[in-house]
J.: 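Next up is a structure, given as structure tokens.
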Amino acid sequence: MPYDHATIEPRWQAYWDEHQSFEAKIDEARPKYYVLDMFPYPSGSGLHVGHPEGYTATDIMARYKRMRGFNVLHPMGWDSFGLPAERYAMKTGTHPRDRTYECIDNFKRQLKMLGFSYDWSREIATTDPDYYKWTQWIFLQIWGSWYDAEQDKARPISELPIPAEVEAAGDRAVHAYRDEHRLAYLHDAPVNWCPDLRVVLANEEVAEQVEAGHEVIRVPMHQWMLKITAYAQRLIDDLDDLDWSPSVLEMQRNWICRSEGAEVVFELDGQAGPDAQLRVFTTRPDTLFGATYMVLAPEHPLVSTITTDAQRDAVEAYVKTTAHRTERERQVAAAEGDKTGVFTGAHAINPVNDQRIPIWIADYVLMGYGTGAIMAVPGHDARDHAFARTMGLPIVQVVAPATGEPIDVQAQAYPEPGVAVNSGLINDLPTAEAKQKITEWLTAQAKGEARVNYKLRDWLFSRQRYWGEPFPLIHKPSGEVASVGVDALPVELPEVDDFNPSETGEPPLAKALSWVELPDGSRRETNTMPQWAGSCWYYLRFCDPRNASAPWSSEAEQYWMPVDLYVGGAEHAVLHLLYARFWHKVLFDLGHVSTREPFKKLVNQGMVLGATYVPRDPQAASAGPKRVFVSDEVEEINLGDAVEYVHKQTREPLTIQWDKMSKSRGNVINPDEVIAEYGADTMRLYEMFMGPLEASAPWQPEGVAGCFRFLGRAYRLFFESPKDAEDRARDLGEGQGSERQRRLLHRTIADVSERIERMAFNTAISSLMVFVRDVEKDGETLGRDAAGIFCQLLAPFAPHLAEELWRALGNPQSLTYEPWPQADPALLVEDSWTLVVQVNGKRRGELKIPASLDPKQAKDEITELAMASEAVSRFVGDKPPKRVIYVPGRLVNIVLG
RNA sequence: GCCCGGGUGGCGGAAUGGUAGACGCGGGGGACUUAAAAUCCCUUGUCUUCGGACGUGCGGGUUCAAAUCCCGCCCCGGGCACCA
């Protein structure tokens, strides 16, 4: 009987389950290794072959580290709150909970079929009240804290110093003062409001609804915000210690985006009082003399107060138009040169030269960045320049190139640094010094100060949905917000039968009156938390998932944390990782965790791409609606040195295109089918063999078959496959076999080990393939001990087959905890090595050099051998070489004149 | 527009300054078979006057030596986007 995965795989999966082979227990005597996957959202369409790429990589590491003697924690769970289940509920009436747990069952079934070595006893779902109880608990920690800038850490709100004048103003004032300083606070933030549907839309939904004819406007809504900006600098600084790819570190830094500059105060002309000023942030205070107008974001709170009656209609119309555009639309339109804006009628006074300059509003200025207002320097900023040209505003040059080269700022902005001109007290100073001097002057005049600004914004943390964690907060009749108290956790979601928002646009929870209204007249908060909440701390819960009295014990946290290896998609490179790091730092400040950072090493796996087909003729492709075909509709014609695709019916020539797999594109491969045909081991092997883990690669069914053939060959090293008989184990030889086999074996041990350490799994698999091929070629029977070592090397990649073969060798135990084999260095040394002979850098021949000539010592002898070689005499003749380069163990290069 | 990746045979890829194309797929030839499947063996970058020449997106450069380092450009993918 040939290799029969369908029998082998379920057998070993049952064995692992029964023996709880992968259960992790704290063991101070052994080093720990925590290897984590980004846990999935269990979608209705189930797993596709992209999911298991990362899961296979972590499983290889988990199995490898176990064999290396590490105590491995390798858990899996479900990020199960989310919009799709709620949508499904609205459509079908199925409770999101029912749908969610159905999907989880399906995902779990699929993952189990792949033979991953998860400790399933630690399985968690963010939607379990036992889990979200602690999500709410962490929220209360955050809400119950303030950021002490002096100590640079979060502290309990009870330790917040209350200024005497606040104290004197009474309890209400004290309460309000505390609320202002909490890390979770209420704030009016703009949302995408769809009046027709009475719902708040996610950014990605806006286009769809607008296309469907619905109006979507940006309106401010009272929302919970988390003060992640307090951590901006630490979130940047602590990146330095992480073993993450440089590109992800770069993305995180760019997202937070620190910039240094100054905040400058402009007085409003003709108005007095502390409110009569406009604060702007600028990275170029040295260009202050060139500020010829100001621009406010249309949402800026001062807009309505400063606008003159003559301009009011125009301003209000513009504000209204802006509300219909998403932030992205505004920015795209403006980037395409479409500068719009309206004069408010008001003026400000430039603090450096007392010039009266007009104040405009324009949607190229965003409320969410800096102060929501800018000083415009059209001479030295391309955006301001374009706006000034469009609106006919003056352009003044205040920086000249240091080279003295003449420029014309009327024609084009000059944003580079240079030397200040037309700038009063900073004239002739280079940009860096000019910035410093003008900032000092502003500070002395109390008209500004140096400031660091971050692009990072506070985190909008509330959603108007049902299927999320309820906030553990109540609103008292007095208007004060209070915690429900830790003892009242979890605040469970009420049972409702309608998941739509209320008539007035309140969240669905507002309709559960018996839940919302409390006996003392308080009302529960009816927003829910975003999906990020549960995924911000699940790695901590995995350390101690069944703890009923705490989110985790400090014993478990101190033993398992930090996560040693974290693998997931690049789409989470910014937000998820930033939010989780932020929560972790709050927990660190409050003494709940012992590490500054949660994830030591991070790897982003690439995408698995699926095929679709489009017309090859560009005219046919662009004419009419876009036509895309899926594999079933396409015939592949192999021309030997090329492949062509045609439509099965119409015979239209097509080209293949590769995209990220998605249900909507129709290019998804279902792992169930792959496993049914080839088995989990083949699937795992192919996932890793496709290419480097971090690269995206197309899913090619022929490649899967190649991996299957390899496993079949490996199987036949152990078993005869006579035609009409049951499998019979081969008579294996003794020990590690012939010297040649031993050398091959130890070379393979060394290569596979080193490649797993580097997570270069595709090349590790290729070593295993070479081993099997060469043993076959060798003809001699494989030694029994060599066969055992091969099983060990194969185990991380194809664990079912490895166990099966290991058992066939007579081993009664699973090889999960067998020690990883060590390569014998003596066997890695070859008896001879190949010296390449180059002439003028071109390869002209090679020589076998016996190992008795040490490549490092015997430079002269080796060079001599090369000089005497046939290649040299042919290409050099008797010309004396100008130079001879010797690279030990590699080559001799003879350079002629 | 900016930022980050990437571009190597018919295809996935290997090689991170030192033999370009490991390993796999696909192709060609053969063995076994009544035949097919499965399996196994040989072969497979291009051109060639059979000496060799060319070849890692394109053009330059550094070096005895470049897929690899540097400069400029083109193309593909992803992210961000008037970020003051």
J.: State which of B:rA53, B:rU19, B:rC64 makes the closest approach to the side chain of A:Arg844.
T.: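 Between B:rA53, B:rU19, B:rC64, the one nearest the side chain of A:Arg844 would be B:rA53.
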J.: Atom NZ of A:Lys660 to atom C1' of B:rC76: distance rounded to whole Å?
T.: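 Going from NZ in A:Lys660 over to C1' in B:rC76 covers 18 Å.
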J.: How many whole angstroms separate atom CD of A:Glu754 from atom P of B:rA14?
T.: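 That distance rounds to 14 Å.
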J.: Please tabulate the protein-to-nucleotide N/O contacts below 3.5 Å involving nucleotides 3-8 of chain B, giving atom names and distances.
T.:
unit_1	atom_1	unit_2	atom_2	d
B:rC3	O2'	A:Asn254	ND2	3.3

J.: Can you tell me the pairing partner of B:rA31 across any strand shown, Watson-Crick or G-U wobble, with both distances under 3.5 angstrom?
T.: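 B:rA31 is paired with B:rU39.
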J.: What's touching nucleotides 37-46 of chain B from the protein side, N or O pairs under 3.5 Å?
T.:
unit_1	atom_1	unit_2	atom_2	d
B:rU39	O3'	A:Arg716	NH2	3.2
B:rC40	OP1	A:Arg713	NH1	3.3
B:rC40	OP1	A:Arg716	NH2	3.4

J.: State whether the number of non-hydrogen atoms from other residues, nucleotides or ligands found under 6.0 Å of A:Arg258 atom CZ is greater than 12.
T.: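 It does: A:Arg258 CZ has more than 12 such atoms within range.
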J.: Which atom names give the shortest non-hydrogen contact between A:His380 and A:Val398, and what distance separates them?
T.: NE2-N, 2.9 Å
J.: Check every atom of B:rG18, B:rC25, B:rU19 against the side chain of A:Arg843 and return the nucleotide holding the closest atom.
T.: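 Among the listed nucleotides, the one closest to the side chain of A:Arg843 is B:rU19.
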J.: Donor-acceptor pairs under 3.5 angstrom involving side-chain atoms of residues 690-705 of chain A: please list them, not counting sequence neighbours.
T.:
unit_1	atom_1	unit_2	atom_2	d
A:Ser696	OG	A:Met607	N	2.9

J.: Which one, B:rC23, B:rA65, B:rA15, comes nearest to the side chain of A:Arg758?
T.: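 For A:Arg758, the side-chain atoms sit closest to B:rA15.
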J.: With rounding to whole Å, what would you report as the distance between B:rU16 and B:rC69 at their P atoms?
T.: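 My reading of the P atoms in B:rU16 and B:rC69 gives 11 Å.
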J.: Heavy atoms under 4.0 Å, any strand shown: does A:Ser259 hit a base, just sugar-phosphate, or nothing?
T.: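 Sugar-phosphate, no base atom in range.
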J.: Rounding to a whole Å, what distance do you find between A:Gln700:CD and B:rG12:C1'?
T.: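 Answer to the nearest Å: 5 Å.
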